[in-house]
Visitor: 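After the structure tokens below, expect a handful of questions from me.
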Amino acid sequence: MSYDIYLVGVGGQGILTLADLIMRAAVHKGHPVSFFPTKGMAQRGGFVKAELRLGRAGVGPHIRESGAHLVLAMERSEALKGVRYARPEGDFLLYGHVWEPTAVMLGEAPYPPLESVLEAIRVSNARLVYLDPKELAKIDGAYVAANVFVLGAAFGNTRLGEVLSAHEMIEVVQARWPHRAKHNAAAFDAGLRVRGTS
Amino acid sequence: MQTKVLSGNEALAYGALQAGVKVVTGYPGTPSTGALTSLLAMDLPGRHVEWSVNEKVAFEIAAGAAWAGQRALCTMKMSGLNVAYDSLISIAYSGCNGGLVIYVADDPGASAGMAEQDTRGFALMSDLPMLEPSSVGDTYRLTQVAFELSERVKTPVFIRLVASIANAKIALKIDDLLPPAERTPTLERNIAKYTKAGAAICITQHQDVIARLEKASEVIHEMGLNSLQLAEKPGGLGIVAVGAAAAYLEEAFDLAVEYGLDKTEVSVLRTVTTTPFPTVDVQRLFAHCNFILTLEELEPYLERGVYIQAHRAGFTGKIIGKLDDGPLSRVGEYDVDHVLQGLNTALGLGIPVDHFKGNRATETLAARRPITVCAGCPHRGTYMAINQAIQNLNLDKDNVMVTGDIGCTILGMNPPFNTVWTEVSMGASVSLAQGYVHGGVRTPVIATIGDSTFFHAGIPGLLNAIQHQTPLTVVIMDNGWTSMTGMQVNPGTDETFQQSGGRRIDLAKVIPGLGIDQFFVIDPYDLKGATSIIEGCLTLPGVKVVLSRRECAIQAMRQGKHAGNVRLIPEKCILCKQCITATGCPALSIEAESIAIDPALCNGCGLCAAVCPTGALEKEDGT
Ligand code: SF4
Ligand code: SF4
């Protein structure tokens, strides 16, 4: 079994943490894993990506184009940078959060409309799972951590669940933040139950 | 034995500890930073670990320790090696006693935004062995080998990682850590070894350094560090691979099998060095194979060696790499597709071109995301003040040269500021600015530089300007930290964060001591005050130094410090968006009726309030 995951998003969304959690679950299970996070210079608001390669020892850190079994995008526009890595018949999970750069906010620069992003993903022949950010769960009136929610959704909507079990994943999440264990388990669970659209 | 999830940088750190390293020095630089950071986070009695003021100083300290007989490690990014290189060449001539290892990280793909410099060229020039691990696990092992090699041959040894190995993580089995063996320091008086006094000494040392590389080559061979697998049948393809490129071989073979590759017909040499060149192994490939594929990222150093050896051996088969106009590039990082393309060309597998490319057509639709400084970053106030000062003097911004420097301060090149024009190397802003003045630029010339960069290499440039009384304004943006590389301590960092017994050096005391006529300290959160001082400087003769001082917002936040409190009065907001256009602060966004402030990000610096024309943003002072 080899399973490559390419993750994209914006600094501050917790995408590297999400990738780190998957790595820990894989290590826990004894799978070989390579995790290569890349963040740009910005603390927040810059392009962030991570490459996770599960199940194969001694691989190089980079995933080839058209090679990712799962592309996991947490920002609508940045998702476009994941398209070239999408493997035909692989999964592409887009959590469609919109993080506008300042120029876009001021109306000085364009931002890709949802439909063109979805179309770009479809053209890559990956199986699209679109998660509307409006689906983000609330607990006691407050939004849960989006990255944990999206992690749950990846288990509920893609073939990641065939590689690692959701049950073990929850345990890793809980071990990571013991004082938020219950809250995060609920966030993960909400993600697990949500159904994306294609 | 224990299993740990480690990055290449961390594996290198553990390898060095395992080898009994006593002194570790370095200067932060992506992608190398993590090695020394991880050591600093550990409790290591009996060992000395420090961030030094620059790479040259760091390397000289490590060399001194190795001359005293201890094992020493020095860490840096490729640009840092350029700084250290003056001493390095000299120390290469002298050799060493204790193991001396220089860790340098290259950045193919330039993800940290500098040159795609291949430092293997420096190994060639200095005749020093350079180990090139191809994985995180390799890094752990070869770091230990590097110390052993260094001590056996009495030569400094490089270990070179690339970004993708330095920062990739895997689960790794590592040995339980032993305390370093105590060594009594030795003092060796030996003019012929430790000085360059006279041609006779230098010539002898030159011969010695060449001989040591020869010896290193023998030791590497004897240790069996390279792996050579010859195909059963002679006459096929021979591959020579080094570094990160070698990590993709197995995966590439598996993909190529689908296109008819017979793995058993391919011979493979994985070498751990380009310098010394693996001559014996390559000669064995020539004897066994009819054609050769060389796989290496960046420059064709390995390949050139292959051509030379081919010539010497009378090998006339084809050599596929970067020098034959094939598909392999000198630019960018490699992944499995590069290796596959090499196989494709070498073996004529007929893999269609589109196999190598994902769908990139829509990537250009992605919104541009120029990075800016963090919410509350003090640099924001400095750029705004410089821009405002230029405007107040009725100067055209396109006529005022503002040189920039390395670190977070360079973000002044991006919108909304567009203040800074240049980025060259550590400290270059101050000297470049003098060149513009002597070049005849009549408008005021400004140099901007961060505190750590100033300590590192900016001071000589300033001394030069003072000596020659070159009229210019130097703005030192002092936030107390080496921020961009992830918050390292520098000489100006508050004493509480210095290593025990360390001392803070206060730029406000140092600079006046240089004999500057015009020296000012400003608070970048005080836009009005800062602007008027910079404005004044732009009209004064001689050398002016402005010390713009406020702690890095991220570090201040981590200590629970708030610069102030900015309150939005939504009724007063007319959505003119001045605050956003002027500051570009990531804490600000636009809502239906007014702008909004993200309270989790805002530190109350007040810069947005300073530009709001209606008083919709109100600043109260904080802690
Ligand atoms: S500058 Fe003031 S008035 Fe204009 S948008 Fe900002 S808060 Fe509103
Ligand atoms: S006060 Fe204004 S400029 Fe400063 S951090 Fe807060 S929102 Fe940003």
Visitor: For a quick test of reading the model, state the closest non-hydrogen atom pair linking B:Arg369 to A:Trp99 and the distance between them.
Guide: NH1-O, 2.9 Å
Visitor: Which bit of A:Phe35 is near chain B, if near means a heavy-atom gap under 4.5 Å: side chain, backbone, both or neither?
Guide: both
Visitor: Does A:Ser66 reach the side chain of B:His355, with side-chain heavy atoms less than 4.5 Å apart?
Guide: no
Visitor: Which bit of B:Leu249 comes within less than 4.5 Å of chain A, counting heavy atoms only: side chain, backbone, both or neither?
Guide: neither
Visitor: If we only count heavy atoms from C-beta on, is the A:Arg84 to B:Lys357 side-chain gap below 4.5 Å?
Guide: no
Visitor: Relative to chain B, which segment of A:Thr102 carries a heavy atom at a distance below 4.5 Å: side chain, backbone, both, or neither?
Guide: side chain
Visitor: Does any heavy atom of chain B fall under 4.5 Å from the side chain of A:Ala109, the backbone, both, or neither of them?
Guide: neither
Visitor: With a 4.5 Å cut-off on side-chain heavy atoms, are B:Lys577 and A:Leu106 touching?
Guide: yes
Visitor: Please classify the contact between A:Val27 and chain B as side chain, backbone, both or neither, with a heavy-atom cut-off of under 4.5 Å.
Guide: side chain
Visitor: Do B:Asn167 and A:Phe36 come close enough that some side-chain heavy atom pair is under 4.5 Å?
Guide: yes
Visitor: Can you tell me how far apart CD (A:Glu65) and CG (B:Asp337) are? Round to the nearest 0.5 Å.
Guide: 7.0 Å
Visitor: Does the side chain of B:Leu255 come within less than 4.5 Å of A:Arg64's, by heavy atoms?
Guide: yes
Visitor: Below 4.5 Å from any heavy atom of chain A, which atoms of B:Ala366 appear? Answer side chain, backbone, both or neither.
Guide: both
Visitor: With a 4.5 angstrom heavy-atom cut-off, which part of A:Val10 approaches chain B: side chain, backbone, both or neither?
Guide: side chain
Visitor: Is it the case that the side chain of B:Tyr248 and the backbone of A:His62 share a donor-acceptor pair, with hydrogens and angles ignored and the cut-off at 3.5 Å?
Guide: yes
Visitor: Just how far is it from atom CZ of B:Arg360 to atom CG of A:Leu80, taken to the nearest 0.5 Å?
Guide: 14.5 Å
Visitor: Is there a side-chain contact between B:Val5 and A:Met23, using heavy atoms and a 4.5 Å cut-off?
Guide: yes
Visitor: Quick check on A:Pro110 against chain B: is it the side chain, the backbone, both or neither that has a heavy atom closer than 4.5 Å?
Guide: backbone
Visitor: Below 4.5 Å, heavy atoms only, C-beta onward: do A:Val123 and B:Asn359 meet side chain to side chain?
Guide: yes
Visitor: To check you understand the geometry: which heavy-atom pair defines the closest contact between B:Ala367 and A:Val104, and what is its length?
Guide: CB-CG2, 4.3 Å
Visitor: Between B:Thr485 and chain A, which part of the residue has a heavy atom less than 4.5 Å away: side chain, backbone, both or neither?
Guide: neither
Visitor: Let me know if A:Arg53 has heavy atoms under 4.5 Å from chain B in its side chain, its backbone, both or neither.
Guide: side chain
Visitor: With distance as the sole test, does B:Thr362 use its side chain to make a donor-acceptor pair with the main-chain N or O of A:Ala120 at under 3.5 Å?
Guide: no
Visitor: What residue in B:Leu365, B:Thr364, B:Asp335, B:Thr30 has the most heavy-atom pairs under 4.5 Å with chain A?
Guide: B:Leu365
Visitor: With a 4.5 Å cut-off on side-chain heavy atoms, are A:Arg56 and B:Asp254 touching?
Guide: yes
Visitor: As a quick check of understanding, evaluate side chain to side chain contact (heavy atoms under 4.5 Å, CB included) for A:Met105 and B:Ser589, giving each step before the final call.
Guide: CA-CA 7 Å; A:Met105 210 151 61; B:Ser589 60; 4.0 Å; yes
